[in-house]
Protein chains: 2
Amino acid sequence: MDSINIKKLAEALNLSTSTISRAFRDNSDINAATKTLILEKAKELNYQPNHYASNLREQKSKTIAVIVPELANNYFSQAIHGIERVARENGYHILIYVTDDDYSKEVNFINHLHNGRADGIIMSVSGEANDHNYLNKFGANRLPLVFFDRVYEDIETPRIITNDYKSSFLATEHLIEQGCKRISYLVVNKSLSIGKTRMQGYIDALAKHNLPFEEQLIVDCSNSYEENSVIIKNALTQLKPDGFFASVERLAFATYYACYNLNISIPEDLKIISFSSLEIAPLLNPSLTTITQPATEIGTEAAKMLFKILDANGLKNLPSEVVLESKIIMRNSTSNSPEKP
Amino acid sequence: MDSINIKKLAEALNLSTSTISRAFRDNSDINAATKTLILEKAKELNYQPNHYASNLREQKSKTIAVIVPELANNYFSQAIHGIERVARENGYHILIYVTDDDYSKEVNFINHLHNGRADGIIMSVSGEANDHNYLNKFGANRLPLVFFDRVYEDIETPRIITNDYKSSFLATEHLIEQGCKRISYLVVNKSLSIGKTRMQGYIDALAKHNLPFEEQLIVDCSNSYEENSVIIKNALTQLKPDGFFASVERLAFATYYACYNLNISIPEDLKIISFSSLEIAPLLNPSLTTITQPATEIGTEAAKMLFKILDANGLKNLPSEVVLESKIIMRNSTSNSPEKP
DNA sequence: TTGTACGCGTTATCAC
DNA sequence: GTGATAACGCGTACAA
């Protein structure tokens, strides 16, 4: 491996390594002429300062890590896209870690990242049912951390979230206004904060409209497509709901399949509204009424927040929470007079 | 910053840094007892070897970079998911770069990556219309590189692709068999290899079935949703095709919207088949007939290929091309007797 | 404005 | 089996 380094470049130009180094930083004084000379030669020889050496020297990595539960989900892809853009604009790179909703992977990732590999972490969490204390053991050495969407309530760190309670309330109210009397709430894990918050909106909307709340109408689903299929079919046949409020888009899709299967027609027999970032929700059969979160913007804001923390460098009068607005977009899956769009 | 390092850990245990270091590698000889002692203390003090120092020392980063044109696309999300899994299993991390189909960004990313930040690159290219020579200037120092899906034909490096020609041929034939006489081919950039290959399949299938090939039936679209909307509407009204073969899923979606708008009914008036990795294609209205690429598997194979190269360490009798099979899944958008599924 | 010299945290080599 | 030491490539005091 005869790759180029600062020393060789220095020799080639008959200069010292420090001068070369200076040519690549903005702060140091250096003769403009020598600087251009160096940069030219560097380009010619394809030299770039070694990232790891710089990092070691400067004790920072210009890298942020992004941890998400899954990737095959429009919401997270869009969020990452937002993060990537902001990161790049700031000269940062992003590392991606997928937990597959596995708490132990999350813990592993976080632990490993504390070896200097990243300057900060943006995470949507996976282990709400578990112990979050692993995040505290780093003490003051914990990397700057920003939560988005799925958060640990008991961990003190900035978070970017959406107004889930209000959206859920309005979503449920929308179903009620469309005539639903027996609305079921589909959730992946109702003990998770996000599932809980959304459920509370649902419960309160029922109460406001004097509809009884039945425990059994809370349908707790899993992460497995097959299991959900069974669970949802059972819910449909046994509970006989006339409305579904899905807390996650995946559950709406599973419901569509189940309804096709059971010959239940949406929206005549069952109306459904779902949290979803799917851009082609209008193309579904029937088009799906969604609560759409500003996914890209959430990513953007999360990244901006992280950079604020990194810039602040200890000063801690930062906003601890940013709440963005989701939008309810009404379509045929909750319509009373569905027509082809 | 009083973070822990190997020296402090050594002091805390009254050992030398070398011994500590040994405890963390698998190869070196070390007393089992001291090793467990060290690992325990390390855990207690939350010590991990600094990644950048190790990298500097070992001249490798245990990191691979993934460059994709876009992220808000099921295909690439799934591919990245596959890559991430394999990388993690090999103890590697992945950096993500999104070019937004901008050639200059791609060049920038590649250049920057050659500073030691990554050990290898997996890329789906963005700049086919441009000069690919920038990849050659690194000479023997070029990082190991694997292309997937979108490749530069003139760059010699392993690639993971799908049998696009055959799929396209079969897709077109399928439309013909369903009774289409006037099939239009929707492409984003017909000069790109992927657009070209798919087009050739289309052309040859027409020929086989004695259908005339008309230049104007090749509809060249853009990356802008608005522009495509206009282009496709024009194509529908002016060319009056009875079949669409979309080389990219985005164009199929745009067609759906256009047809809703123009009151053209799919599949009665227009049949459509598209390359797409959308998992909920069955839920569209009507359900979309797709050529589905094994996206996750492509990612997996690309990553495996890269690791093979990294392991081979120069030995170059590696397969230069892996071709995976796409599947055509027939649904209602190309059906002659559509019924609700 | 430029050069010298040291150290960032780690690991490989060579002693012991 | 363990310790001392040099080197990885770079950036910055400090000296010139």
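Within every chain, numbering begins at 1; the chains are lettered A, B, ... in the order of the sequence lines, protein sequences first and strands thereafter. The structure presented is a predicted model; accordingly, all values stated were derived computationally and were not measured.
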K.L.:
Does A:N50 have a side-chain nitrogen or oxygen under 4.0 Å from the phosphate oxygens OP1 or OP2 of D:dC10?
P.N.:
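No.
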K.L.:
Enumerate the residues from residues 15-24 of chain A whose closest heavy atom to DNA chain C is under 4.0 Å, giving them by residue number; use none for an empty result.
P.N.:
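Residues of residues 15-24 of chain A that come under 4.0 Å of DNA chain C are, in numerical order, A:L15, A:S16, A:S18, A:T19, A:R22.
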K.L.:
Rounding to an integer number of Å, can you tell me how far B:K7 NZ sits from C:dG7 C1'?
P.N.:
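Answer to the nearest Å: 9 Å.
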K.L.:
Check the distance between D:dC8's C1' and A:K8's NZ and give it to me in whole angstrom.
P.N.:
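Between C1' of D:dC8 and NZ of A:K8: 13 Å.
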K.L.:
Looking at every strand, decide which applies to B:I6 at a 4.0 Å heavy-atom threshold: base, sugar-phosphate, or nothing.
P.N.:
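The residue B:I6 makes base contact.
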K.L.:
Indicate whether the side chain of B:T19 and that of B:S16 have a donor and an acceptor atom separated by less than 3.5 Å.
P.N.:
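B:S16 and B:T19 do have a side-chain donor-acceptor pair below 3.5 Å.
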K.L.:
Could you check whether any side-chain heavy atom of B:L324 comes within less than 4.5 Å of a side-chain heavy atom of B:E297, counting everything from C-beta outward?
P.N.:
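The answer is yes, as the side chains (C-beta and beyond) meet within the 4.5 Å cut-off.
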K.L.:
Calculate, to the nearest 0.5 Å, the distance between atoms CG and CG belonging to A:L13 and A:L15 respectively.
P.N.:
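So the gap between those two atoms works out to 5.5 Å.
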K.L.:
Would you indicate whether the side-chain heavy atoms of A:V322 and A:F148 approach each other to under 4.5 Å?
P.N.:
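No, every pair of side-chain atoms sits at 4.5 Å or beyond.
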K.L.:
A:R57 has an atom CZ; how far is it from atom C1' of C:dT10, in whole Å?
P.N.:
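It works out to 16 Å between those atoms.
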K.L.:
Measure from CZ on A:R25 to C1' on D:dG9 and round the result to the nearest Å.
P.N.:
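Taking atom C1' of D:dG9 as the reference, CZ of A:R25 is at 12 Å.
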K.L.:
Could you tell me the separation between the CD atom of A:E58 and the P atom of D:dA13, rounded to a whole number of Å?
P.N.:
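My rounded result for the distance is 11 Å.
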K.L.:
Tell me the interatomic distance from A:N5, atom CG, to D:dA7, atom C1', rounded to whole angstroms.
P.N.:
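Atom CG in A:N5 sits about 12 Å away from atom C1' in D:dA7.
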K.L.:
Please determine whether a side-chain nitrogen or oxygen atom of A:Q59 lies at a distance below 4.0 Å from atom OP1 or OP2 of C:dG9.
P.N.:
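So the side-chain polar atoms of A:Q59 do come within 4.0 Å of the phosphate oxygens OP1 or OP2 of C:dG9, strictly under.
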K.L.:
Check whether any side-chain nitrogen or oxygen of A:Y52 sits under 4.0 Å from OP1 or OP2 of D:dG11, and answer yes or no.
P.N.:
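A:Y52 to D:dG11 OP1/OP2: no side-chain N or O under 4.0 Å.
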K.L.:
Using a heavy-atom cut-off of 4.0 Å across all strands, would you classify A:I30 as base, sugar-phosphate, or nothing?
P.N.:
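Result for A:I30 = sugar-phosphate.
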K.L.:
Going by heavy atoms in the side chains, are A:I64 and A:I83 under 4.5 Å from each other?
P.N.:
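Yes, side chains in contact.
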K.L.:
Calculate the interatomic distance between A:N141 atom CG and C:dG9 atom P; express it in whole Å.
P.N.:
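Whole-Å distance recorded here is 12 Å.
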K.L.:
Given atom CD1 of A:I38 and atom P of D:dC10, what is their separation to the nearest angstrom?
P.N.:
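Going from CD1 in A:I38 over to P in D:dC10 covers 13 Å.
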K.L.:
Judged by modelled atom types alone, do A:T34 and A:R22 share a side-chain donor-acceptor pair under 3.5 Å?
P.N.:
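Short answer, no.
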K.L.:
Any side chain to side chain donor-acceptor pair (under 3.5 Å) involving residues 96-105 of chain B? Give me the pairs, sequence neighbours left out, ordered by first then second residue.
P.N.:
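Only A:H81-B:D100, A:H93-B:Y97, B:T99-B:S126, B:D100-B:K105, B:D101-B:R150, B:D102-B:S104 qualify under side chain to side chain donor-acceptor pair (under 3.5 Å).
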